[in-house]
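To keep things clear, I will list the structure first and then write my remarks on it.
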Amino acid sequence: MTRPGPELFFSHTDFDRDRATRIAEDALHGMDDGELFIELSRSESLMWDDGKLKSASYDSRSGFGLRAVSEERVGYAHSSEVSEAALLRAAQTVRAVAAGHSGIMAEGPRGTNTALYPPDDPTHTMPFEEKVKLLEAADAFARSLDSRVRQVSVSLAGSWQAVAIIRADGREVFDFRPLMRFNISVITEDGEKRGTGMYGLGGRQHWSDYVGDEKWKDAVREALRQSLVSLEAEPAPAGEMDVVLGPGWPGILLHEAVGHGLEGDFNRKGTSAFAGLMGEQVAAKGVTVIDDGTIPGRRGSLTVDDEGTPTSPTVLIEDGRLVGYMQDRMNARLMGMEPTGNGRRESYAHAPMPRMTNTYMQAGDHDPQEIIASVKKGLYAVSFGGGQVDITSGNFVFTCTEAYLIEDGKVTRPVRDATLIGNGKDALTRVTMIGNDMELDPGIGTCGKAGQGVPVGVGQPTIRLNGLTVGGTG
């Protein structure tokens with residue numbers, strides 16, 4: 001697929017292309033780095049709850065952000081008014097970080113002739129009435145599957161973002177980014193017992209991808225299954241035990257407990273538990289962790305990051321040894337390393353920083369059933385909800401939304417309110433078996449950092465960790 005030209009982009013803004021470029025060049029003169037980031041975006045969401053369409057919204061916005069980097073100082077100004085006057089005011093503001101410094105603008109990102117996504121806006125490919133019918137059908141389908149269903153909530157959300165990144169040397173990068181998500185929550189009741197199940201799927205694709213191949217029906221079935229499992233769950237035991245993590249979404253623990261600690265800014269400042277450990281063994285042999293923003297259609301995938309650097313597969317941990325960090329341009333320059341295409345921002349109103357894209361652990365060679373059979377007494381964690389991580393220490397606490405006891409090598413009773421407590425770096429050394437069933441999550445991840453949220457992907461195979469602390473109520 002060839003890269004789309006600038007005509008499509010600038011025809012929707014009030015900027016004169018040449019004038020905007022010249023203003024950006026003047027503002028960034030003598031800086032070490034920087035760019036003009038222009039964004040056009042559209043988003044819509046529909047929520048069906050309690051048997052009716054509860055909300056529907058549509059938003060269209062545009063804006064720009066101008067960034068100037070001088071050594072470690074960053075000047076950033078943004079505006080929702082895409083005009084020459086606003087850009088001139090922004091230019092005057094960001095010049096303040098120069099403070100007598102006269103640098104040489106860093107060489108721009110390497111170019112690319114490919115694009116992961118076409119320039120068309122997929123949110124318009126399915127009429128509003130059909131979206132409402134889809135939500136209504138999902139509600140009816142869930143209720144038809146089991147008489148214990150008491151409440152169903154279904155949502156559709158879609159967005160389309162077009163960005164232009166203009167550097168001081170006049171080079172331009174354009175990118176177009178669709179994003180879709182389907183979510184369903186099912187509450188069941190059986191006497192005094194109540195169960196809840198939630199499932200979602202999504203990615204950078206068209207609405208039609210949710211309608212075809214019965215994908216949305218599979219999502220409904222999965223949410224219902226989880227809800228029925230939680231009906232029967234008993235309080236989780238507490239103590240130190242062996243833990244088996246299932247494939248796919250449980251990779252969120254890897255993302256939070258390890259991934260953030262491998263972002264360039266935390267390591268440059270020495271605030272990560274992994275700071276200063278490049279080249280050292282930080283995980284068990286066989287553990288290989290990769291961040292890859294090039295996987296087509298995945299929620300965290302981009303043709304280029306928000307600085308214009310093409311995304312890439314970045315090996316972070318290889319066979320247990322720390323070999324790489326995720327880098328934006330500024331932190332890479334200050335650390336004497338190469339940018340990896342991980343400079344991301346929530347919108348034009350935010351400056352970029354090192355962020356994950358799709359972060360996962362590579363598969364091993366063990367059959368998942370073999371891993372479970374190896375555990376005498378332990379916990380099988382299938383899905384996670386919220387969690388907390390301290391980047392500096394690496395300590396984490398994660399809540400399991402679906403988990404089971406493992407007794408004599410077999411998965412037995414479901415448990416509720418189980419939490420995993422540990423340290424990210426330490427947990428990686430406790431990996432003793434890695435499954436051959438690596439999966440990516442179904443497309444539901446959003447990562448928060450410094451007040452910014454961006455879509456991400458996670459993944460892993462089934463893995464066994466020895467001697468983790470499990471918190472419970474049983």
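Position 1 is the first residue of the sequence, and the numbers go up from there. Every heavy atom of this structure was used, including side-chain atoms; hydrogens, water molecules and symmetry mates were not.
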Between [atom1] on residue [X] and [atom2] on residue [Y], distance to nearest 0.5 Å:
{"X": "Gln452", "Y": "Cys447", "atom1": "CD", "atom2": "SG", "value": "10.0 Å"}
{"X": "Ile434", "Y": "Thr432", "atom1": "CD1", "atom2": "OG1", "value": "9.0 Å"}
{"X": "Thr188", "Y": "Gln151", "atom1": "OG1", "atom2": "CD", "value": "11.5 Å"}
{"X": "Leu316", "Y": "Arg321", "atom1": "CG", "atom2": "CZ", "value": "13.0 Å"}
{"X": "Leu46", "Y": "Ser55", "atom1": "CG", "atom2": "OG", "value": "7.5 Å"}
{"X": "Leu245", "Y": "Leu468", "atom1": "CG", "atom2": "CG", "value": "7.5 Å"}

Over 12 foreign heavy atoms within 6.0 Å of CD, Glu370: yes
Neighbour count above 12 (heavy atom, 6.0 Å) for Met438 CE: yes
Identify the two heavy atoms, one from [X] and one from [Y], that lie closest to each other, and give their separation to 0.1 Å.
{"X": "Ser383", "Y": "Pro250", "result": "N-CG, 4.5 Å"}
{"X": "Gly472", "Y": "Ala238", "result": "N-CB, 3.6 Å"}
{"X": "Thr429", "Y": "Val282", "result": "CG2-O, 3.7 Å"}
{"X": "Ala427", "Y": "Phe396", "result": "CB-CE2, 4.1 Å"}
{"X": "Pro237", "Y": "Val415", "result": "CD-CG1, 4.3 Å"}
{"X": "Ser230", "Y": "Thr196", "result": "OG-N, 2.9 Å"}

Test log, rule side chain to side chain donor-acceptor pair (under 3.5 Å), inputs Ser153 and Asp49: CA-CA 5 Å; Ser153 299; Asp49 187 39; 2.5 Å; yes
Sub-3.5 Å donor-acceptor pair from the side chain of [X] to the main-chain atoms of [Y], do we have one?
{"X": "Ser144", "Y": "Phe141", "value": "yes"}
{"X": "Thr473", "Y": "Pro235", "value": "no"}
{"X": "Asp175", "Y": "Val163", "value": "no"}
{"X": "Asn342", "Y": "Met356", "value": "no"}
{"X": "Asp265", "Y": "Pro354", "value": "no"}
{"X": "Asp328", "Y": "Gly343", "value": "no"}
{"X": "Asn423", "Y": "Ser393", "value": "yes"}
{"X": "Thr309", "Y": "Pro339", "value": "no"}
{"X": "Glu44", "Y": "Gly158", "value": "no"}
{"X": "Gln281", "Y": "Ala283", "value": "yes"}

Passing candidate, side-chain hydrogen bond (donor to acceptor under 3.5 Å, both in side chains) with Asp291, options Thr314, Thr340, Thr357: Thr357
Intermediate values then yes/no, side chain to side chain donor-acceptor pair (under 3.5 Å), Arg204 and Ser301: CA-CA 8 Å; Arg204 298 190 179 276; Ser301 294; over 6 Å; no
Pairwise side-chain contact, [X] with [Y], heavy-atom cut-off 4.5 Å (strictly under):
{"X": "Ser80", "Y": "Tyr348", "value": "yes"}
{"X": "Val132", "Y": "Trp48", "value": "yes"}
{"X": "Gln161", "Y": "Leu179", "value": "no"}
{"X": "Arg143", "Y": "Val149", "value": "yes"}
{"X": "Ile406", "Y": "Val244", "value": "yes"}
{"X": "Arg42", "Y": "Tyr58", "value": "yes"}
{"X": "Ile187", "Y": "Arg194", "value": "yes"}
{"X": "Pro414", "Y": "Glu234", "value": "no"}

Candidate pair Val389 and Phe398, rule side chain to side chain contact (heavy atoms under 4.5 Å, CB included), full reasoning: CA-CA 9 Å; Val389 180; Phe398 275 90; 3.9 Å; yes
Trace of the side chain to side chain donor-acceptor pair (under 3.5 Å) decision for Asn466 with Arg464: CA-CA 7 Å; Asn466 285 359; Arg464 172 177 171 167; 2.7 Å; yes
Test log, rule side chain to side chain contact (heavy atoms under 4.5 Å, CB included), inputs Leu262 and Met326: CA-CA 6 Å; Leu262 299 179; Met326 290 165 281; 4.0 Å; yes
Are any of the side-chain nitrogens in [X] or [Y] under 4.0 Å away from the carboxylate oxygens of its partner?
{"X": "Lys285", "Y": "Asp319", "answer": "yes"}
{"X": "Glu346", "Y": "Arg355", "answer": "no"}
{"X": "Arg430", "Y": "Asp426", "answer": "yes"}
{"X": "Lys193", "Y": "Glu232", "answer": "yes"}
{"X": "Arg329", "Y": "Glu35", "answer": "no"}
{"X": "Glu130", "Y": "Lys133", "answer": "no"}
{"X": "Arg177", "Y": "Asp306", "answer": "yes"}
{"X": "Asp218", "Y": "Arg221", "answer": "yes"}

Val411/Ile372 under side chain to side chain contact (heavy atoms under 4.5 Å, CB included): CA gap, chis, key distance, verdict: CA-CA 7 Å; Val411 176; Ile372 291 171; 3.8 Å; yes
Side chain to side chain contact (heavy atoms under 4.5 Å, CB included) between Val258 and Phe274, intermediate numbers included: CA-CA 9 Å; Val258 178; Phe274 293 93; 3.9 Å; yes
Identified side-chain contact (heavy atoms from CB on, under 4.5 Å) partner of Val454 from the options Arg344, Lys449, Met353: Arg344
Test log, rule side chain to side chain donor-acceptor pair (under 3.5 Å), inputs Asn331 and Arg268: CA-CA 7 Å; Asn331 285 281; Arg268 178 177 67 82; 2.6 Å; yes
